[in-house]
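This report refers to the structure that appears directly beneath it.
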Amino acid sequence: MLDLKLMQKSPDLVRESLAKRGSGVDVGEFLTLDERRKALIAEGEALKAERNAAGPEIARRKKAGEDAAALLARMGEISERVKALDAELTEVEAAERDWLLSVPNMPHESVPVGASEADNPVLRHWGEKPVMDFAPKEHWELGVALGGLDFERAAKLAGSRFSLSFGWCARLERALAQFMLDVQTSQHGYTEVIPPYIVNRKTMTGTGQLPKFEEDLFRLEGTDYFLIPTAEVPLTNIFAGEFMDEADLPVRFCALTPCFRSEAGSYGKDTKGLIRLHQFHKVEMVNFAHPERSYEALETMTAAAEKILQLLGIPYRVIALCTGDMGFGATKTYDIEVWLPGQNQYREISSCSNCGDFQARRADIRFRSPGEKKPRYVHTLNGSGLAVGRCLVAVMENFQQADGSIAIPDALKPYMGGIEIIEPR
RNA sequence: GGAGAAGUGGCCGAGUUGGCUGAAGGCGCACGCCUGCUAAGCGUGUAUACGGUGUAGAGCCGUAUCGAGGGUUCAAAUCCCUCCUUCUCCGCCA
């Protein structure tokens, strides 16, 4: 949610900033609403002030047995008018809130201006693509052949875009998740959290999934509960409505959770394999940062995500999302893309964003600074550290051998119970 | 699921025969004094949002907020209704 004051003082700045993301927002519509709101408040408050001022006099006359009829009549008029004004004010405020809640965040000045993912600059590469003197296979081919994946039965159980893993494959995914959590908690200062996987509407609104993107979510019918699309949602809302201690910042949480996405509108995309599913596991990192240090925190968080791939020995590149490709709540985003030999392309495996005060304002997460009179909003950041399912894909495709077997990366061996290579039976 | 109790400011905690309570007191915090040695004492201050004014996040004025939302009333933290959450007992269960 954008700052109301900023909207009032610098509507042009807001308009221009949002235009960069290709979001044609009608700021004038908002300002019209706001003028009406102020007029309603002015009239209503003047009447309430009169009513409040008369209160003691009414009490006095009644106590003294004097006549207060005229005064009471006037109070009656005021109350009636105030009621009408308040009713309209409620409507106008709701319209204003709806408007604010559906407007995306403004990009940071350092974000490259662009229209689509084609305009995202590559910032750096890490690692060497594995040399393969054979035609590398895609992960689903490997996984099915080695008896670890069964998409047909997954479809029978639930439908398309679900997976079913057995044996080594299930274990490998668990190993990856464990490994990621261990690295983030022991090396990068993250506290592990197990949050609810189902949250309410308010929580979804706090991080920005609602009200605008309800069609992307799974909702439990007949309730106001939603399955989380990412642990960012419960983790970021942990301090909703609270004051944090400035001395505690930054607070870093990570969590391994399943993520549920309806994938509405993705028909025909990535229909095979583990890339795009309705349910997948992800280790998510969330930071509550001091506003003056949130962009440093974004770099640190991105590095924490990269570290996983470095330890696994999987090549990747980091790109900066341009203004036209950034998510709703972000001011700045880095994507990490792993190299997939089987697909012969880079695929997103992590997205790290600084949301500035956008989510903190929605969720009301603030802190006090000793020198300052007013509380300030914290800055929130979130990033995948990493998407477990896609990382499994990366391991399978990058560590495949000519004979169709898959070697286990050294970093994962301690988690695999002695298994060092997955071989065909 | 059934029966009770409760939800007040950063925290704890008064206040329910409606008006003088934004709200006693304590803690914490800030500043000052004193003392002078990592203690204690004394004083003052200390909610948030919005609106108006403006030296335009100084000050001042006003309105609202005592879990959330409705209602009664000239007027509600205080009365009524609905919902949420927490606690206790029973039931059920991983």
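So that the names make sense, note that chain A is the first sequence line, chain B the second, and so on, each numbered from 1.
In this structure, A:Arg21 contributes its side chain and A:Met326 its backbone to a donor-acceptor pair below 3.5 Å.
At the heavy-atom level, A:Arg366 lies under 4.0 Å from the strands shown only through sugar-phosphate atoms. Contact annotation for A:Arg51: backbone-only contact, meaning every heavy-atom pair under 4.0 Å involves sugar-phosphate atoms and none involves a base. A:Lys202 comes within contact range of no nucleotide atom at all, as no heavy-atom separation falls under 4.0 Å. Nucleic acid contact class of A:Ile41 (heavy atoms, under 4.0 Å, all strands): sugar-phosphate only.
Between A:Arg366 and A:Asp364 there is a salt bridge, since at least one side-chain N of the basic residue sits less than 4.0 Å from a carboxylate O of the acidic one. We find that A:Arg219 and A:Asp224 are joined by a salt bridge, their nearest charged nitrogen and carboxylate oxygen being less than 4.0 Å apart.
In this structure, B:rA39 makes no Watson-Crick or G-U wobble pair, since no nucleotide meets both defining distances under 3.5 angstrom. Nucleotide B:rU21 is matched to nothing when pairs are restricted to Watson-Crick or G-U wobble geometry with both distances under 3.5 angstrom. B:rC93 makes up no base pair with any nucleotide shown, lacking Watson-Crick or G-U wobble contacts both under 3.5 Å. Pair check for B:rU48 finds B:rA64; Watson-Crick or G-U wobble, both atom distances under 3.5 Å. Across all strands shown, B:rG7 forms a Watson-Crick or G-U wobble pair with B:rC84, both key distances being under 3.5 Å. Base pairing analysis places B:rA77 opposite nothing; no Watson-Crick or G-U wobble pair with both distances below 3.5 Å involves it. The pairing partner recorded for B:rC34 is none, the criterion being a Watson-Crick or G-U wobble arrangement whose two distances lie under 3.5 angstrom. Using Watson-Crick or G-U wobble geometry with both donor-acceptor distances under 3.5 Å, B:rG59 finds its partner in B:rU53.
A sub-4.0 Å separation between OP1 or OP2 of B:rG57 and a side-chain N or O of A:Lys9 is present. Distances shorter than 4.0 Å separate some side-chain N or O of A:Lys83 from OP1 or OP2 on B:rU72. A close approach under 4.0 Å does occur between a side-chain nitrogen or oxygen of A:Arg37 and OP1 or OP2 of B:rG51. The phosphate of B:rG51 (OP1 or OP2) has a side-chain N or O of A:Gln8 nearer than 4.0 angstrom. Distances shown here put a side-chain N or O of A:Ser79 below 4.0 Å from the OP1 or OP2 atom of B:rA75. Look at A:Lys48 and you won't find any side-chain N or O under 4.0 angstrom from OP1 or OP2 of B:rC50.
Nucleotides B:rU46 and B:rC34 have their C1' atoms positioned 22 Å apart, rounded to a whole Å. Of the C1' atoms belonging to B:rG13 and B:rA6, the separation is 14 Å, rounded to the nearest Å. Separating the C1' atom of B:rG41 from that of B:rG36 is a span of 13 Å, rounded to the nearest Å. Rounded to whole Å, the separation between the P atoms of B:rC27 and B:rG18 comes to 34 Å.
The side chain of A:Pro375 sits closest to B:rA49 out of B:rA49, B:rG62, B:rC74. When distances run from any side-chain atom of A:Asn52 to the nucleotides B:rC74, B:rU63, B:rG51, the shortest one goes to B:rU63.
Within the 6.0 Å centre-distance limit, the rings of A:Phe239 and A:Phe288 are counted as a close aromatic pair.
Residue-to-nucleotide proximity on RNA chain B shows that, of A:Lys38 and A:Thr90, the 5′-proximal contact is made by A:Lys38. Nearest-nucleotide positions on RNA chain B place A:Ala54 closer to the 5' end than the other of A:Gly44 and A:Ala54.
In this structure, A:Tyr225 places its OH atom where only 12 or fewer heavy-atom neighbours from other residues, nucleotides or ligands lie under 6.0 Å away. Counting non-hydrogen atoms of other residues, nucleotides and ligands closer than 6.0 Å to CD of A:Glu117 gives a total of 12 or fewer. Other residues, nucleotides and ligands contribute only 12 or fewer heavy atoms inside 6.0 Å of the NZ atom of A:Lys272.
For the pair A:Ile365 CD1 and B:rG10 P, the interatomic distance rounds to 16 Å; values are reported in whole Å.
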